[in-house]
Structures are given as C-alpha cells and as structure tokens.
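Right, one structure below, let's go through it.
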Amino acid sequence: MPEIPKTYEPQKYEDKIYALWEKSGKFNPDNLKLPKNAKSYTIVLPPPNITDKLHLGHASIIAIEDLLIRFHRMKGFRALYLPGTDHASIATQNVVEKKLLKEQGLTRHDLGREKFLKEVWKFLRVTQATILKQARKMGGSFDWSREAFTLDVERKRAVTKMFLDMHKEGLVYRGKRIVNWCPRCKSTLADDEVEYKEEIGKLYWIKYGPFVLATSRPETKLGDTAVAVYPGDKRYAKMVGKKFMIPGVLGEFEITVVADKAVDPKFGSGAIKVTPGHDFTDYAIAQRHNIAMKQIIDEDGKMMANCGKYTGMTTLEARKAIAADMEKMGLIDHVEEGYKHNLAICYRCGTTIEPIPSEQWFLAVDKKLKRLGGKSLKEKALEVAKNGKIKFHPHRFTKRYADWMSNLHDWCISRQIWFGHEFPVWYRDSEPTYAKAPAGKQQKEIYVGEKAPRGKGWTKDPDTFDTWFSSGMWSFSTLGWPACAKASAGKPGKIIKTGDLARFHPTQVLETGYEILTLWVSRMIMMSLFALNEIPFENVYLHGMVLDSLGKKMSKSKGNGIDPMDMIEKFGTDAVRLSLLIGSTPGNDMRLSEEKIASFRNFVTKLWNIYRYCNHADSKFSLVEKINKKDLKSLSDRWLVSQLQKTIEEITRNLNEYKFSMAGEALEKFIWNDFADWYLEINKIEKNSKVLGYVLDKILKLSHPFAPFVTEKIWQDSSARHSFSGGGSSVHKILMVEKWPVADKKLLDKKSQVDFAHFQQTVTKIRNIRTNYHIDPGKTIQVFAKKAENKEVIEKLARIKIDVVSKINAKGIVVAGKNIKLTLAISDLIDVEKEKARLEKEIANLKSLVTKTEALLSNKNFVKSAPKEIILVNQTKLKEYGEKLKIQQELLKNCTY
RNA sequence: GGGUCUGUAGCUCAGUUGGUUAGAGCGCUACAUUGACAUUGUAGAGGUCUCCAGUUCGAGUCUGGACAGACCCACCA
C-alpha cells in the first residue's frame, strides 16, 4: 500500500467520494434495505431561487439539513433529502429583463410574451444546473431521483389542482381591491413584499372647503370622495353625515363627511381627506361607510384620463403642478418642510409603490371550511402552532408566527408577471386582469377549469400566480400530490394518502432562515392544512443570517460576500460545513470569516493526521467495531474509552435537541484534546492498537454528519488497507450508511475519570514549573518519590526521571496529587521566597473555599431545600479542598530547600 | 407606536430545568519542535457576567426597572 499523504487534500477526493455515494444508490431511501417498520425522516430542501448561484445562506441550510439527514440515516431512519429549485417568478423575470436590457437594449414588451419566456427558460437552465452542481459540492446527500422544480410539469399539475379545489370550496375569489402596485414591475405585491424607506418631504396644509387639512400627496385630491374625522370630535361633530362642495384645481367636487376611528384626532387638524382608490386606510374607511371609489392613477403610475390637464403626468409631476396651481388659487394654507415619513417601495426594484384599485384573485383566509372542521385556514394554522403540533426552534418564533398569522388579511395570489404558473381561468367579453379602464366595465363571464371552455371568444387569464403559491405547496407537491391523495368517501376532510405522500408526509423538519418565516413557512402550513388536512412538517428550525466578520450583512453591492464555492475550493467542503455548524446558535445571526473556515480546515487535517499516526503506530492497524473491558490495559485506555461513551451520549443528545454547535464542540474537544493531545501521546509509550482502532471507528462515525468527506475518505482508505493486508473483504462498505454509535454503559468508568484527571494535573503542574523556572525543555529533571503510579508515562510526558526511594533527602519543589508526591530536585533553580508566596496564595485560596463551603453546608435553609445531589457534591468538594489544603500547608512547612 | 433578540476575557461567542473556583476559539506573552500534524505542541496572563432593585439558602441564569445596540411588524393623512 502507498504511504498515506502528509496532508488531506479535499480537492483531490471530494468529487470521487460524492460519486461513490451517488453510485451506491443510498441517497434514495428505497435502497436502504431497512425493516418495513423503519421510521421515515424527511427534509425537503427549501428550493433556492434560480436567479443566482448558491450563497452562504444556502450553504448553511445544506450543512444543517444534511447533518440531520446523515445523522438519522445512520440511526436507521428511512432518510429522504429531497432537492429542488424555485422559479421565483418576479425575481427571475426582473433579472432576465435587466440582462436583456443591458445586452440587447430590449424590454420584455419589445420581445413579446412568448419570446421573452423563451429567454427566461434559457437563462434558468444555466443557473439551475449551476445550483444543482453546487448543492452536490456541499456534500448534500440528496435523492436526485426525486428532484423537483416549482415550475415543472408535476408542480404545474399540483398548482392547477389546488386552485380548482380552492375555487370549488369558494376559498379563492376575484375582487377589486386596493393593491400594492409596482409601476415598474407592472405587478401587484403582497404586503410583505413591500419595504419602507424614510423620506423627508413636504406636508401641505390645504384649504378644503370648511376644513383645513394636511396631506403629503396633494395630487390625490383628484380622487377624493370623503373627509373623515374621529367619532365625537367636537370640532367637526356638526359636519358628520353632511355633504360639501370642495373647490379644486379641476373645479368643485362633492365629498361626504364621515366619522371613523381610523382617524387620529391629535394629528394635523384632526380631519383627513379620503382617497379610497389610492390609500389603504382610506379604502377601509370608504368600505365601512359605503363611499364611492374614484381611480385617478393607472398602472404606469400616471394620472388617468379623468385628470384633465394633469393626464399622463407621473404622480410626482402631478404633485408639483397641482400644488403650484392650488397655491395660485389660494387653496394652500401653508407648507411644512422637512416632513419625515415612510415611503413604500418595491422590495425587488425599489420603485415607489402606488396603491391602486385592481381586479385580482384573493385567497380567503377567514372563510370557515367544512373540511377543516368548520375552522378557517387562519384559525387552523394558528391552532397547530399553539398546540405544539408544529414546534418552532428556537421556541420564541412561535410567538412571531402567531402574531403575524392572526393579523393576516386575504392573500392576493395573482401577479401581473409573465413568468410563472398560469391561472386555469378564462374570460369572455371582458377586459382581462387589472382594470385599465375606469371602474364600471366589469368582467362578464369567468370560467374556471382545467381546460379551456368550449365556445368562442374566450381568452386566458394572462396573470400568473404569486410565487409563494407554488412554493407553499413544496412539502407535498414534491411527494406525489395530487396523484397520491384521495378524499375519503366516508369522512369529510379525511384524505387517504398513497405512495411517497403516505411514507414521507408530514416531513420532520423544515429548516430555513428566520427571514422567510412569514413569507414562506406560514403559507406552507396553510396550504398543507387545506390540501391534506395535516401539517407539512413537525419541526421548524430557523437559523440566523450569515454576516461578515464585522457583523454586516453580506451583499454583492458591498462586495463583502464570501462565495461558498471559493471557500470549498480553498479549504474543502468539510471545513466550510463545520464553520457554519459550530459557533452559531439557533435563530441568531452568525459571523463568518475566512480565518474561521481556515481553522476548521486545520481540524480536518488533525483528523487526517490522527489516522496517519494510527497507521504509523501499527502497520496492521484497522478500525475496530467493538471492544471489551479486558482489552483496556492501562488507566489511559479506560479513561479514554469511558470519555468516549460520555461524548457519544452528549453528541447524540445535542443533535436530537437541534443543538448542532454544542454537539460539534463536544466532538472537537474529544478528538483534539482528549484523543490527540493526551491519549495519542500516552499511546506512544503504552501502545494499544485495539483501543486506537475502536476509538477512531467511533470518531469517524460521529464526525461523519459534520464532515462527511474526510471521514468517508479515511473509512475507505482504511478498509482498502485492511483488505490489502489480508484482513478483510475487498468489497468496501460505505461509512454513510454505517450505524450511529450508541454509548456502552459498561465501558463508563468513573474511577478512571477521576484518576486520570489527577494524573493530568500532576503532569501539568510539572510542566508549569518547568516554564516558570525556565528549565531547558530538553533537560530531564531528577525526581524522587516514595511511590509512583503510572511512573513511565509521567516520566515521558513531563520529561522527568523518577527514582522511587524509601526516604527522600533531595531538596526542591514538591508536587503532590491524590496518589502521588514528587520531589523535583531543582533546588538550585528555585527562588524560595517566590515559591513560598505561591504556596501561601494557594493556601489562602483553599482556605476561603473551605470556609465558604462549610458555611453553605451549615446553612439550615440550604440543607433543607437544596437537592440531595447538590449537597453531596458540596460535601465531596469540602473534603477535597480540605485534603488539598493539608497537602499545601505541609509543603509550605517543609519549604526550606 | 407594538414586539423580539442581544449586552459574559482585547475580539467572536458558548454557558441546557437557578447549584463545582464562569468556559471555548482567535488574539496576546513565554517557550518548544528531525518524532502523525509548523494546518503543531506546552505553559501563562486576561472577567465586580452593562447597571440598579427584587425573589431565593443560592442568580451569568428568574422578575421588575434603567442604559446601549440589532432586527421584525404596523404605518399616520
């Protein structure tokens, strides 16, 4: 066999190892050869947008999810990790539009719908392939045979079926509503797709018939139909219910005065002008008081034909012109400069949002449904979070989810975007989609169905679905819905599942960034409840954002982003995964720097060198599955193996509780400190190859979900070597499907833990003395003792030579532990006063500890109320302090040298 | 305006239901290194756990308040 290389070079092996896993077929749970009753463990990858390549957020998702998947696969679950991508309609359309404009100077309208969509598909095929390749690079153990795309044929079938079902239940309806409209994207936006930007503008105080009132948008005066005041406001009480003629730039118009609680009597003059067509609050007021709506702004963000000489101006132009004209007419009372307010902008392109009335499809979240036992989607979605059917990790997100959910309004699901799922809807003799014409010209006939209706004159609805509508179905549209679901004939609401849907739904974990808790997670819950009457996932794990080393958001424009693929190229996938898993806590943002990744690359190298050492130590080295007590020869053997059992237990428990960082830290500590720094050094003196093989076997398994590549590489290399030396079969098993270690209680050894701790203290103390007195590290110190356990090991590790004598005459520093008392013959190097001072300090410290513990133990209240274990711990402590104190006092007494 | 989170070593953060002399990594100081590993080892320094009050035998941990910072939601004419 060739020599094992000095360093592990991930670039050399990772692709080959991934190919080995893929070829084994074990990514597909159907090939795992499990007993029939094996439990399923499913995670569906939150589909990355195909707008761009993977970023660190995705890398973080895959690191965490693949950790969970590999852990459960090894524990014997039917583990399914289902990959896919998201078409991200509006985002993708914008990216392609931008690209098109830059490269060919064309807008999508220049190309036309069909050609434009061809461009989009051309684009997405490339990015999609990149993303999927990168997901492999991350080492994700995805079942590629089940790969899905939110806009492929199966998902299209699902979206259509969902809409038809919802329509049948009366859950979706078409209505004219005020919507957030982006004049650039030419589309509606959901409330949570709107962002706010602080802006300093003007507040116009205008003379308004009998009122003076404040507005930041005088141009909307053309659409005013009412004035609202706070109910019971004495200033205006007499006017409520009356109509007034108001002078305006286009002549007089009529308004009605209404009283509504939405008005803040303390703001401005306490009276507001109501523009139902272009303001959300005003729309709500108009609804409550049955007041007409007048639309004056169109979907280009321009003034409409009913605006006289202002027609065709943008709202900003109209604002200036109208303000100037009002000034001339003496309608402006005064103008307040520097007025601070929030401007609504589009989250995709930053354009100012215009609220405009528009004909859209809505999903009724408050409609009571028979299939949900008379509850609405909202009520049901709240219930499953509150009763703990869906658990949030960390728990605090339950509240955020519930708050958001209970404030949810009907969801506008149609978008005026070309790229996306089409509505199975046709219109006849009508102006389709958003109303270009003034109100009044309504749709005459609407047909909802899978296929186009018969007869002439039908046109298909040109709108597409909100992208969250299809991604909201992701947990089950990927698992064979609707083909694998049938409504039960007997029980309403009961769904009979077959195939993948029966085996893998509900999924176990949804893991994603907390920033899309509301956008996505909530929608998935509602969709699954509606379609299957069950939750989409049992647990929601939310991770934080990955920030740069200065705590700033990573962004392309700032150029502070770290590309995970560059890091993989440089440090290997395992290092990248480890750096994303360790040192972060659920739901909290984490900082990441190249240095951090580099330090985990060192850890991977350490692991490799441990393996290398094992083979150096024993040319016939092999991994050992099981070990018996009688194989443990020395104190260090017993200690290490006992420590290992504790570590297995700790890692398993932490992983079960979603504490990935703590699990990883326990693993790192055991491997680096306990195994490499202590045990291997001792093993050089007291060789025990079987213990090495046993512990490494467990380390590889425990590390595999965190660092799959290096562990698999060592596993493969080791079994190749073993079979080469004639020890085993030449057919290599893969580590990925090995069994997860279980702590063997029989190998727990408390006594050796305690003894080894004392041993470590003794060695450390001697090393400490060497450093303090600047003793040449190469020099062996002569030491005398009456008896010495583990003599040889202590001698080698501390570089001393122990002579066991019946009477010690030598002078020097005395190091005393529980079972050992060593006299270091270095009196010529010692500063006696310094040594005395050191001892006195330690004695004082111990004395105060003894006093403190005694006081605690004699406190009646403590003894009465503290648990037994705590009392016992303190009693033991007191005894230990006492013993130590006695030893130190004795040393001080003899400190003559 | 409503809400959530954070404040622990120079820096980045852990710290599980309150219970050992509060931990890690990086950095720093000193030293070592032909040896599995310079991608290393050994030892050390460094903390009134932001502040105040309370509950408790006992508070970094629980409660109330103050101060500082981050974010989310609602948006007001």
Side-chain angles (χ1 to χ4, degrees), chain A residues 4 6-8 191-192 196 203-204 213-217 220 228 262-264 266-275 279-282 341-342 344 394 396-397 399-400 403-404 407 514-515 517-518 544-545 549 551 571 575 582-585 587-593 595-596 598-599 601-617 653-654 657 659 661-662 665 668-669 676-677 680-681 684 763-764 767-772 774-778 797 845-846 848-849 852-853 855-856 859-867 869-871 873-874 876-877 880-881:
Chain A
I4 301 169
K6 227 176 165 180
T7 49
Y8 170 73
D191 289 345
D192 37 50
Y196 295 88
L203 187 64
Y204 301 84
L213 40 81
T215 178
S216 61
R217 301 192 62 185
T220 60
V263 182
D264 178 358
K266 285 183 225 113
F267 188 92
S269 61
I272 63 168
K273 62 191 213 53
V274 178
T275 320
D279 185 284
F280 285 91
T281 315
D282 293 5
H341 65 125
N342 278 330
R396 66 184 143 93
F397 284 101
K399 190 171 152 46
R400 197 193 276 192
D403 285 349
W404 187 85
N407 288 321
Y514 64 77
E515 70 275 9
L517 172 68
T518 49
M545 265 183 309
S549 59
F571 302 111
I582 298 178
S584 69
T585 36
N588 291 332
D589 296 343
M590 69 175 297
R591 298 187 185 197
L592 189 70
S593 60
E595 292 77 52
K596 186 175 174 188
S599 76
R601 184 263 325 265
N602 298 355
F603 174 64
V604 170
T605 308
K606 191 79 188 176
L607 203 53
W608 182 254
N609 274 292
I610 286 170
Y611 170 59
R612 205 162 155 247
Y613 168 79
C614 292
N615 281 278
H616 272 255
R653 181 168 39 84
N654 281 317
E657 293 171 1
K659 292 172 184 164
S661 183
M662 292 183 89
E665 283 164 40
E668 200 185 348
K669 187 193 165 292
D677 289 348
L680 290 191
E681 292 308 316
K684 289 173 185 170
V763 172
T764 306
R767 285 169 173 170
N768 185 336
I769 289 164
R770 291 194 87 107
T771 312
N772 282 347
H774 304 289
I775 298 168
D776 180 356
L797 291 191
N845 180 27
L846 284 165
S848 89
L849 284 173
K852 236 162 95 181
T853 316
L856 183 65
N859 183 327
K860 277 176 200 162
N861 284 323
F862 171 74
V863 179
K864 202 172 66 188
S865 37
E869 306 93 305
I870 299 299
I871 296 174
V873 163
N874 279 289
T876 320
K877 243 166 46 181
E880 274 175 24
Y881 294 152

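Letters A, B, ... mirror the listed sequences (proteins, then strands); counts begin at 1.
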Go ahead and name the base partner of B:U29; Watson-Crick or wobble counts if both distances stay under 3.5 Å, otherwise write none.
B:A43

Test applied, side chain to side chain contact (heavy atoms under 4.5 Å, CB included); reference residue, A:Val274; option that passes from A:Asp282, A:Asp279, A:Thr220, A:Thr281:
A:Asp282

If you look at every strand shown and take non-hydrogen atoms under 4.0 Å, does A:Arg591 touch a base, only sugar-phosphate, or nothing?
sugar-phosphate

Examine B:U16: is either OP1 or OP2 under 4.0 Å from a nitrogen or oxygen in the side chain of A:Lys659? Give yes or no.
no

Between A:Thr7 and B:C37, is there a contact of a side-chain N or O with OP1 or OP2 at under 4.0 Å?
no

Among the candidates B:U4, B:U21, B:G19, find the nucleotide nearest to the side-chain atoms of A:Arg396.
B:U4

Would you name the heavy atoms of A:Ser216 and A:Leu203 that are closest together and state the gap between them?
N-CD1, 3.9 Å

Is there a donor-acceptor pair closer than 3.5 Å between any side-chain N or O of A:Asn615 and the backbone N or O of A:Tyr611?
yes

Closest approach of A:Tyr881 to A:Thr853 (non-hydrogen atoms, all atoms of both residues):
CE1-OG1, 3.5 Å

Determine the interatomic distance between P on B:G7 and the same-named atom on B:U63; round to the nearest Å.
14 Å

State, without any angle test, whether A:Thr585 and A:Asn588 hold a side-chain donor-acceptor pair at a distance under 3.5 Å.
yes

Less than 4.0 angstrom between a side-chain N/O of A:Arg770 and OP1 or OP2 of B:A43, yes or no?
no

Nearest-nucleotide pick for A:Ile870, side chain only, options being B:G19, B:A36, B:A14
B:G19

Go through B:U21, B:U39, B:C5 for me and flag the one nearest to the A:Leu849 side chain.
B:U21

Between B:U17 and B:A45, how far is it from one C1' atom to the other, in whole Å?
36 Å

B:U21, OP1 or OP2 - any side-chain N/O from A:Tyr881 closer than 4.0 Å?
yes

Between A:Ile272 and A:Tyr514, the residue closer to the 5' end of RNA chain B by nearest nucleotide is A:Tyr514

How far, in whole Å, is B:U8 from B:A24 if one measures between their C1' atoms?
13 Å

Using a heavy-atom cut-off of under 4.0 Å over every strand shown, decide if A:Val263 touches base, sugar-phosphate, or nothing.
base

Tell which nucleotide pairs with B:C62, taking only Watson-Crick or G-U wobble pairs whose two distances are both under 3.5 angstrom.
B:G54

Phosphate OP1/OP2 of B:G44 contacted by A:Asn768 side-chain N/O (<4.0 Å)
yes

Out of B:C37, B:G15, B:G19, whichever nucleotide has its closest atom nearest the side chain of A:Lys6:
B:C37

Distance between C1' atoms of B:C52 and B:C5 (Å, rounded):
22 Å

With a non-hydrogen cut-off below 4.0 angstrom, is A:Lys852 in contact with a base, only sugar-phosphate, or nothing?
nothing

Please measure how far the P atom in B:A53 lies from the corresponding atom in B:G69, and state the result in whole Å.
24 Å

Name the closest nucleotide to the A:Thr771 side chain, picking from B:A43, B:G15, B:C57.
B:A43

Are any side-chain N or O atoms of A:Asn609 and backbone N or O atoms of A:Thr605, one a donor and one an acceptor, separated by less than 3.5 Å?
yes

Mind checking A:Ala866 for me? I need base, sugar-phosphate or nothing, with any heavy atom below 4.0 Å counting as a touch.
base

By nearest atom, which of the nucleotides B:A14, B:U21, B:C57 is closest to the A:Ser865 side chain?
B:C57

Side chain of A:Asn602 (C-beta onward), nearest among B:U16, B:C13, B:U40
B:U40

On a whole-Å scale, what distance lies between the C1' atoms belonging to B:G47 and B:G65?
25 Å

Determine whether a donor-acceptor pair (N or O, by modelled atom type, separation under 3.5 Å) exists between the side chain of A:Asp589 and the backbone of A:Gly544.
no

Can you see if the side chain of A:Thr518 gets near the phosphate of B:C72 - specifically, an N or O under 4.0 Å from OP1 or OP2?
no

Smallest heavy-atom separation, A:Lys606 atom then A:Ala676 atom, equals CE-CB, 3.7 Å

Pick base, sugar-phosphate or nothing for A:Asn588, based on heavy-atom distances below 4.0 Å to the nucleic acid.
sugar-phosphate

Applying a 4.0 Å non-hydrogen cut-off, can you work out what A:Asp677 is touching in the nucleic acid: base, sugar-phosphate, or nothing?
sugar-phosphate

Between B:C71 (P) and A:Phe397 (CZ): distance, integer Å:
14 Å

What is the nucleic acid contact for A:Thr853, judged by heavy atoms within less than 4.0 Å: base, sugar-phosphate only, or nothing?
nothing

Name the closest nucleotide to the A:Glu681 side chain, picking from B:A43, B:A36, B:U21.
B:A36

Base, sugar-phosphate or nothing for A:Ile582? Non-hydrogen atoms, less than 4.0 Å.
nothing

Candidate nucleotides B:G19, B:C37, B:C76, ranked by approach to the side chain of A:Asn609 - the nearest
B:C37

Partner nucleotide of B:U48 by Watson-Crick or wobble geometry (both distances under 3.5 Å)
none

For A:Arg612 and A:Lys6 the tightest heavy-atom approach is NH1-CG, 3.4 Å

Taking only N and O in the side chain of A:Lys606, is any of them less than 4.0 Å away from OP1 or OP2 of B:G41?
yes

Which nucleotide in the set B:C37, B:A32, B:A14 lies at the smallest distance from any side-chain heavy atom of A:Pro777?
B:A32

Mind checking if A:Ser216 touches a base, just sugar-phosphate, or nothing, with heavy atoms under 4.0 Å?
sugar-phosphate

Watson-Crick/G-U partner (both atom distances under 3.5 Å) of B:U4
B:A70

I want to check one thing: is the phosphate of B:G19, taken as OP1 and OP2, less than 4.0 Å away from some side-chain N or O of A:Lys877?
no

Heavy atoms only, 4.0 Å cut-off, all strands: where does A:Thr764 land among base, sugar-phosphate and nothing?
sugar-phosphate

B:G60 and B:U56: how far apart are their C1' atoms, nearest whole angstrom?
16 Å

Using the P atoms only, state how far B:U16 lies from B:U61, rounded to an integer number of Å.
11 Å

Go nucleotide by nucleotide along RNA chain B from the 5' end; which of A:Ala676 and A:Arg767 gets its closest nucleotide reached first?
A:Ala676

